[in-house]
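Notes for the one structure printed next.
Naming convention: chains lettered A, B, ... in sequence-line order (proteins, then strands); numbering from 1 in each chain.
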Amino acid sequence: MEKKVVISGFGGQGIMLAGELLAEAGKEEGKNVTFLPSYGPEMRGGTAYCDVIVSDKPIASPVIAHPEAAIIMNLPSLTKFEPLMQENGLIILNKTIIPEDVSRDDLKVCEIDAQAIANELGNEKVANLILLAAYAEIEKTVSIETLKKALRVLLTGRKEKLISINEKAIDTGARLARDFISSLS
Amino acid sequence: MKTLYKMPEAITERPTTYCPGCPHGVAHRIIAELLGEMELTKKAVIVWPVGCSVFGYYFIGTDAVEAAHGRACAMATGIKRAHPESFVITYQGDGDLASIGIAETIHAAARGERITVIYVNNGNYGMTGGQMAPTTLLGQVTTTSPYGRDARANGFPMKVPEMLATMDGPVYIARAALDSPKHIIQAKKFIRKAFNAQARDLGFALVELISSCPTNWKMTPVEALERIKNEVLPIFPIGEMKVNEGVA
Amino acid sequence: MADKVLMKGAEAIAESAIRAGCMAFFGYPITPQNETPEYFSRRMPQVGRVFLQAESEVAAINMVYGAACTGTRVITTSSSPGISLMQEGFSYIANSNVPCVVVNVMRGGPGLGDIAPAQADYNQATKGGGHGDYHSIVVAPHTVQEAVDLIYLAFDLADKYRMMVVMLMDGLMGQMMEPVEFHDWVEVENRKPPEWATVGQGERKERNIITSLEILPEGLEKMDIALQEKYRKVRESEVRFEEYMMDDAKYAITAFGTVARIAKTVVDMAREKGIKVGLIRPVTVWPFPYEVLEERANQVDFFFDVEMNEGQMLIDVKLGVNGKRPVYYYGRLGGIVPSPEEILKEFEKKMEVSK
């Protein structure tokens with residue numbers, strides 16, 4: 001098993017946290033993982049993305065040139081990664097701020113109104129984990145339980161109080177993904 | 001029998017290679033005397049510069065390192081931080097310290113680095129043949145200011161102690177001169193305080209020693225000392241510029 | 001050994017250095033390696049060691065030089081433009097025979113270039129860089145774990161030969177997170193300064209002088225010959241490389257660092273298509289593993305060198321192959337990381353040519 005995903009959006013949407021969480025969860029499950037953030041001269045704003053690979057085998061290149069899956073949180077990210085996607089790849093789309101449709105018809109697209117749902121849960125910032133959990137549930141990269149466990153490694157100190165809302169976000173994302181899977185069949 | 005005169009233990013038996021009448025030997029002797037009197041010889045590491053005193057470690061017998069041109073304060077910082085028990089001195093000329101090494105000097109001072117800087121200013125680059133230095137006086141003829149130093153073209157002489165005395169890091173900053181027995185005795189007093197600053201873990205200390213360069217000034221040793229008194233000291237006045245509590 | 005921790009390469013090398021007994025860090029901020037000094041600045045005070053942000057790279061390397069003269073395990077990290085500024089210090093350190101470790105997280109150049117991953121400082125690192133006849137040992141990890149391992153080796157070799165060891169990385173390795181296992185702590189706190197260190201003469205019979213200066217040519221030649229003798233021993237004993245799928249290979253890819261890691265993917269992809277290709281990866285790029293290339297030249301049809309520069313290691317590969325087989329090159333410049341697909345495509349073109 002080797003799963004590769006690109007997570008992309010604006011700086012501030014929690015792109016790196018989502019990527020690190022997935023990598024941490026992969027590590028928890030005893031897999032090989034790499035997490036590679038994009039980095040630029042700007043510290044804030046702009047498009048931020050990361051490549052995460054989870055694998056049973058040693059991972060060679062940490063760079064994902066043609067994603068088999070992508071979590072897309074803003075329009076510039078869709079513009080950048082849609083043409084690069086592998087055939088029949090999977091896109092998890094943050095529908096709240098991307099009303100545009102994915103134009104390629106070979107791609108599987110799981111649309112989630114993530115920021116609106118996050119708001120309902122009480123914190124718009126957990127949209128990232130709703131989408132990440134949806135991805136994990138569809139691709140079975142890591143289990144939902146491990147994702148939640150990994151929260152405790154990443155959210156420590158002052159951030160510890162954010163664990164429970166993030167757990168809710170993960171559960172919600174996983175549930176929406178199951179709906180998506182049954183809609184396919 | 002009463003001993004009236006002896007060589008300080010930190011002075012080696014090797015004859016110096018300095019030009020006749022050069023005050024480097026006087027500066028070396030003051031340092032060596034104080035190292036002995038303050039029982040610092042065996043703890044001392046002297047960072048020697050690029051300049052006439054590049055071979056200083058032949059003449060003062062302590063552990064020593066030879067820095068790249070201008071880098072003595074950085075190298076001294078590395079030694080002191082890695083091994084705080086060492087007593088670390090830099091010995092630098094005006095080209096080395098005030099020109100190529102001014103950044104290292106100012107930042108070591110700003111950090112209050114526990115090192116002692118002996119800064120020998122003879123107004124030119126002695127070793128390389130008497131070129132203009134940052135300390136060369138206006139109108140002074142050198143091999144690279146053949147018409148005399150012109151302020152418009154070459155700027156003004158740099159007064160390092162005055163500059164450093166405005167900073168918070170240094171605890172002792174002074175200027176002395178090596179032109180007369182009276183001034184030499186004063187220089188020793190100043191350097192003792194600079195050594196105290198490090199020995200008592202108080203902070204950065206620097207003493208500038210106004211020196212002469214008879215060879216490149218094209219003067220006899222006595223004429224060169226006269227020039228210090230008449231021409232140099234009015235521009236570079238001697239005295240203590242910063243004396244924090246505890247160094248005396 | 002403890003459990004694996006997920007860590008950025010830039011932070012993992014700092015933690016590894018601390019565990020390997022590094023007592024002092026001196027450095028100056030530059031992208032893309034700021035996470036390393038930042039990590040040191042947090043950790044060194046916690047373990048009672050020295051972190052100092054210098055006023056420039058020039059000052060930083062001379063602080064390293066000073067600390068190295070006391071026999072203390074000392075490190076600096078920087079990126080290409082900063083490393084250029086340090087070259088003077090490297091040369092002095094070489095001729096003073098003092099140990100230290102320098103990490104270069106390479107970025108695109110020349111000049112200010114960019115901050116993307118590159119390998120364009122290979123020549124500078126392996127052929128000297130500063131003035132004079134000198135070398136530094138240069139190691140080039142291709143994973144975060146290997147970087148962690150090689151930091152230990154770097155300090156050991158620096159102490160053993162009393163010379164500088166350079167680790168060549170790039171922004172990709174610095175930013176990448178991977179699970180790593182750290183090694184046991186090296187006990188250095190109670191270590192006495194070595195006999196040659198300049199820390200004050202103390203009880204020692206003779207005083208120590210560390211200098212790179214010897215004004216008489218006959219004397220300097222003796223020092224130079226002694227240096228070369230040391231380098232000969234390093235060449236004899238410290239060459240390290242990895243071979244991947246080379247046993248039955250008909251073709252060999254050569255690459256170091258990040259590109260070597262990508263090249264492993266290329267080898268896997270090619271093998272799936274039935275192409276018998278392997279990878280020869282120098283771990284030490286100085287001393288360079290010339291012999292293995294000469295040996296493999298009897299086995300493979302051609303070599304295919306891939307780098308993120310204009311073909312700097314290519315020259316060493318050619319020296320090793322020594323004209324026995326063609327050596328082709330493919331590379332990207334400016335901080336572009338080549339993809340496995342494009343490397344494979346270029347490789348297959350060379351297969352066509354060589355038919």
Any chance you could lay out the side chain to side chain contact (heavy atoms under 4.5 Å, CB included) test for C:Ile61 and B:Met75, step after step, and finish with the verdict? CA-CA 8 Å; C:Ile61 192 61; B:Met75 205 176 176; over 6 Å; no
B:Lys188 atom NZ, neighbour heavy-atom count above 12 within 6.0 Å: yes
Quick one: of C:Val64, C:Thr72, C:Thr198, who has the most non-hydrogen atom pairs under 4.5 Å with chain B? C:Thr198
Tell me, for C:Leu52 versus chain B, whether the close heavy atoms (under 4.5 Å) come from the side chain, the backbone, both or neither. side chain
CZ of C:Arg207 to CG of B:Asp63, rounded to nearest 0.5 Å, is 8.0 Å
Which bit of C:Val199 comes within less than 4.5 Å of chain B, counting heavy atoms only: side chain, backbone, both or neither? both
Mind listing the closest non-hydrogen atom pair of B:Glu66 and C:Tyr65 along with its distance? O-OH, 3.5 Å
Heavy-atom neighbours of C:Glu187 CD exceed 12 at 6.0 Å: yes
Most chain B-contacting option - heavy-atom pairs closer than 4.5 Å, from C:Asn208, C:Ile215, C:Thr211, C:Val74: C:Asn208
Measure distances from C:Ala59 to the heavy atoms of chain B and classify the residue's part below 4.5 Å as side chain, backbone, both or neither. both
Heavy-atom distances under 4.5 Å only: say whether B:Phe87 touches chain C with side chain, backbone, both or neither. neither
Checking B:Ala67 against chain C: side chain, backbone, both or neither under 4.5 Å from a heavy atom? backbone
Got more than 12 heavy atoms from elsewhere within 6.0 Å of NZ, C:Lys127? yes
Do you know which of C:Met23, C:Glu206, C:Arg204 has the most heavy-atom pairs under 4.5 Å to chain B? C:Arg204
Other residues, nucleotides, ligands: >12 heavy atoms within 6.0 Å of C:Gln46 CD: yes
Among the options B:Gly61, B:Ala82, B:Ala64, pick out the one with the most heavy-atom pairs lying under 4.5 Å from chain C. B:Ala64
Please round to the nearest 0.5 Å and tell me the distance separating atom SG of B:Cys73 and atom CE of C:Met63. 9.5 Å
Does a sphere of radius 6.0 Å around CD in C:Glu221 hold more than 12 heavy atoms from other residues, nucleotides or ligands, not counting ones at 6.0 Å or beyond? no
Should we count CD of B:Glu13 as having more than 12 external heavy atoms under 6.0 Å? no
Any chance CZ of C:Phe51 has more than 12 other-residue heavy atoms, nucleotides or ligands included, within less than 6.0 Å? yes
Tell me, for C:Ala197 versus chain B, whether the close heavy atoms (under 4.5 Å) come from the side chain, the backbone, both or neither. backbone
Here the pair of heavy atoms bringing C:Glu55 nearest to B:Ala103 is OE2-O, 3.8 Å
Using a strict threshold of under 4.0 Å (side-chain N to carboxylate O), is an ion pair present between B:Arg71 and C:Glu88? yes
List the atom of C:Phe26, the atom of B:Arg81, and the distance in Å for their closest heavy-atom pair. CZ-CB, 4.1 Å
Side chain, backbone, both or neither: which part of B:Ala68 has a non-hydrogen atom closer than 4.5 Å to chain C? both
Where on C:Thr70 is there a heavy atom nearer than 4.5 Å to chain B: the side chain, the backbone, both, or neither? side chain
For B:Lys242, is the NZ atom crowded, meaning more than 12 foreign heavy atoms sit under 6.0 Å from it? yes
Could you report the tightest heavy-atom contact between C:Leu213 and B:Val54, atom names first, then the distance? CD2-CG2, 3.5 Å
